[in-house]
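Everything on this sheet refers to the single structure shown next.
All residue numbers refer to positions in the sequence shown, counting from 1. Counting starts at 1 for both ligands and their atoms, following the listed order.
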Amino acid sequence: MVCGIIGITTEEGFTQEPLGKLIKDALKRLEYRGYDSVGLAVITEEGLLKIRKSKGMIDAVSQRLGFDSISGFNGIGHTRWATHGKPSDENAHPHTDCLGRVAVVHNGIIENYKKLKEFLIGEGHRFASDTDTEVIPHLVESFKKRGLSTYEAFKKTIELLEGAYALAMIDLEDPGKIFFAKKMSPLIIGLGNKGNFVASDVVAFLNHTRRVIVLVDGEAGYITPREVVVERMVREGGSVRWLPVDVERRVRVVEWSPEMALKEGYDFFMLKEIHEQPYALASTLSAANESVSDVARVLAKSERVLLLGAGTSYHATLITALLFRKYANLWAEALISSESRWWLNALSQGDVVIGVSQSGETIDTLRGIREAKERGALTIAVTNVVESAIAREADMAIYIRAGPEIGVAATKTFTSQVALLSYLAIKTGELRSVLKPSVAANIYNALRETPEIVARTLKESERLASLLADKMSFKNNAYYLGRGLGLPVAMEGALKMKEIAYVHAEAYPAGESKHGPIALVEEGFPVVFVILSKEEEELIKSNIEEMKARGAYAILVSPNNAEEALSLADFSFVMPALHEVASATSYVVPLQLLAYYTAVKKGLDPDKPRNLAKTVTVF
Ligand code: AGP
């Protein structure tokens with residue numbers, strides 16, 4: 001997800017076309033990943049390293065910088081989706097060392113780049129960008145200066161990196177090779193005739209070859225036009241060993257059509273994005289401490305916070321408002337952004353207004369932020385898209401790092417929003433001395449476990465969700481009930497069911513259900529109960545009993561220690577018992593899968609629900 005990488009190493013007779021054009025064509029096929037800048041580096045027959053890069057779209061940049069006419073035999077290309085450093089010519093990849101001999105493209109986040117950069121600046125290296133990536137070529141340069149070969153220097157560099165990465169690197173001083181490494185970002189080798197490839201996605205080289213090797217985390221190596229060398233990094237105590245990997249047996253032939261390849265084999269983008277949640281959460285959380293720190297300092301001194309959002313983003317604001325109140329003793333209210341004008345008059349200087357929007361372009365949220373700013377409030381954007389309208393107009397911006405979301409139904413952006421905003425609320429509570437550092441640390445740790453929990457949930461719930469969807473696909477109505485933090489999770493589950501499976505799904509506070517909604521319940525009426533913690537079980541148990549007494553079909557998303565509630569369920573998604581902040585982030589996953597499979601069983605296209613657009617820019 002996120003940035004796109006391609007590397008092509010060739011020998012004579014590979015094709016007649018200039019390498020720059022082949023790289024550009026491959027980048028075009030990676031365009032769907034979303035990007036703001038593009039660039040390439042090519043080693044020419046004359047022994048030059050040509051680098052062309054710029055902010056902008058591929059066709060325009062390529063035309064302006066003449067990609068199509070750059071010849072050479074070995075090269076790398078990149079589409080960048082900004083994370084560290086705004087979209088700009090300088091921040092576009094490839095990045096080089098001081099001597100302009102080593103060029104690197106990267107997808108992911110180097111978490112410890114600041115420390116590495118300080119060290120390198122101390123050694124005299126000059127940096128040309130704000131990116132985390134640029135430390136890599138400088139580290140390679142630094143190790144080479146100590147007498148190591150390019151490959152040894154590359155491996156030593158990898159040993160120092162913390163975070164997520166898919167990397168491709170070329171070096172003028174070892175010109176026939178493309179060096180690569182992978183950890184938590186996809187990277188695939190393509191085996192061609194008189195040339196080999198490395199890319200973020202098979203779609204980049206599917207027109208040249210279908211023979212691939214899918215790299216796994218911890219692997220690094222290099223390709224030449226005829227050779228693939230892969231090693232696996234093993235850390236033992238304080239030392240690192242590199243073990244050779246026999247990749248011959250891992251060569252497989254991809255049968256995907258180009259359309260399927262775009263979806264990496266998933267039937268729909270929505271399912272692909274549901275499955276990307278562990279990565280999205282891991283990248284968002286790995287940068288969270290740094291990204292929220294300035295905003296948390298501001299919030300720590302404020303008295304009132306208003307959170308604005310629409311649809312799924314509104315549900316993320318509801319969770320956040322509860323967390324600010326409970327964990328930071330901070331008055332906070334969540335508002336549907338299109339309703340914000342009814343509140344804005346009551347705003348005053350010193351209030352903080354946070355606009356949450358995955359796209360950063362939703363007009364209702366943008367207008368709320370504008371109007372709040374006019375009234376003197378401090379405005380903060382929380383979005384997935386660097387330099388989006390809301391990010392530009394707000395006084396401060398923080399970013400989730402979920403990667404582009406193509407399916408209309410928001411999935412990975414929701415869990416990432418909840419994770420980042422939870423981190424922010426806890427940090428604020430810590431700074432306000434409401435939470436002891438040790439208590440806050442426990443919650444951060446619980447949040448950091450969510451990528452793993454979600455990965456496990458995906459494995460365990462997918463078959464169950466598909467089974468339950470057989471039943472749901474024949475229903476016209478459903479209730480989704482929860483209490484406290486569980487209510488916005490239930491609301492999000494209901495929204496997913498409504499928007500892609502067209503089942504009329506309503507969410508209520510569980511305690512409110514008997515004050516009216518229960519009148520509709522009859523034999524077989526599906527009611528989904530979201531229970532986030534053992535503490536909630538006691539309260540919600542009676543609601544389950546009330547509904548069941550009227551014939552409801554009770555579906556539970558519940559921690560495994562809520563035994564009594566679970567014993568009442570007709571169908572359950574049993575989740576690990578977590579801190580409630582971590583449950584609020586991860587318990588929505590079975591409900592996303594349920595909505596997805598219900599839509600598919602009804603023969604609907606979950607990526608393109610009727611009447612909906614991905615970004616709503618009209619009032
Ligand atoms: C979510 O599945 C929706 N398609 C929709 O409600 C969306 O969350 C809403 O339009 C807000 O979008 P934003 O996060 O880009 O502002």
Here the atoms of ligand 1 under 4.0 Å from any heavy atom belonging to Ser313 are 8 (O), 13 (P), 14 (O)
Here the gap from Leu424 atom CG to Ile354 atom CD1, rounded to the nearest 0.5 Å, amounts to 6.0 Å
Give every donor-acceptor pair under 3.5 Å between a side-chain atom in residues 305-315 and any protein atom, sequence neighbours left out.
from   : atom 1 : to     : atom 2 : distance (Å)
Thr312 : OG1    : Glu492 : OE1    : 3.1
Thr312 : OG1    : Glu492 : OE2    : 3.1
Thr312 : OG1    : Lys496 : NZ     : 3.0
Ser313 : OG     : Gln417 : NE2    : 3.0
His315 : ND1    : Glu492 : OE1    : 2.8

Does the ring center of Tyr553 lie less than 6.0 Å from the ring center of Phe571?
no
In short, Asp351 meets Ala346 closest at the heavy-atom pair OD2-O, 4.3 Å
- Gln417 to ligand 1: N or O pair under 3.5 Å? no
Counting from 1 in the order shown, the ligand 1 atoms closer than 4.0 Å to a non-hydrogen atom of Lys496 are 1 (C), 2 (O)
Nearest heavy-atom contact between Cys3 and Trp81 is SG-N, 3.5 Å
Smallest heavy-atom separation, Leu604 atom then Phe268 atom, equals O-CZ, 4.4 Å
4.0 Å heavy-atom contact, Val408 with ligand 1 = yes
Ala410 heavy atoms within 4.0 Å reach ligand 1 at atoms 1 (C), 2 (O)
Note: ligand 1 atoms sitting under 4.0 Å from heavy atoms of Ala409 are 2 (O)
Applying side-chain contact (heavy atoms from CB on, under 4.5 Å) to Glu90 and not counting sequence neighbours gives Ser88
Nearest non-hydrogen contact to atom 6 (O) of ligand 1 from the set Gly355, Gly311, Ser337 belongs to Gly311
What do you reckon, does Gly360 have a nitrogen or oxygen under 3.5 Å from a nitrogen or oxygen of ligand 1? no
One finds that the ligand 1 atoms under 4.0 Å from a non-hydrogen atom of Thr312 are 1 (C), 2 (O), 6 (O), 8 (O)
The atoms of ligand 1 lying under 4.0 Å from a heavy atom of Ser357, numbered in the order shown, are 13 (P), 14 (O), 15 (O), 16 (O)
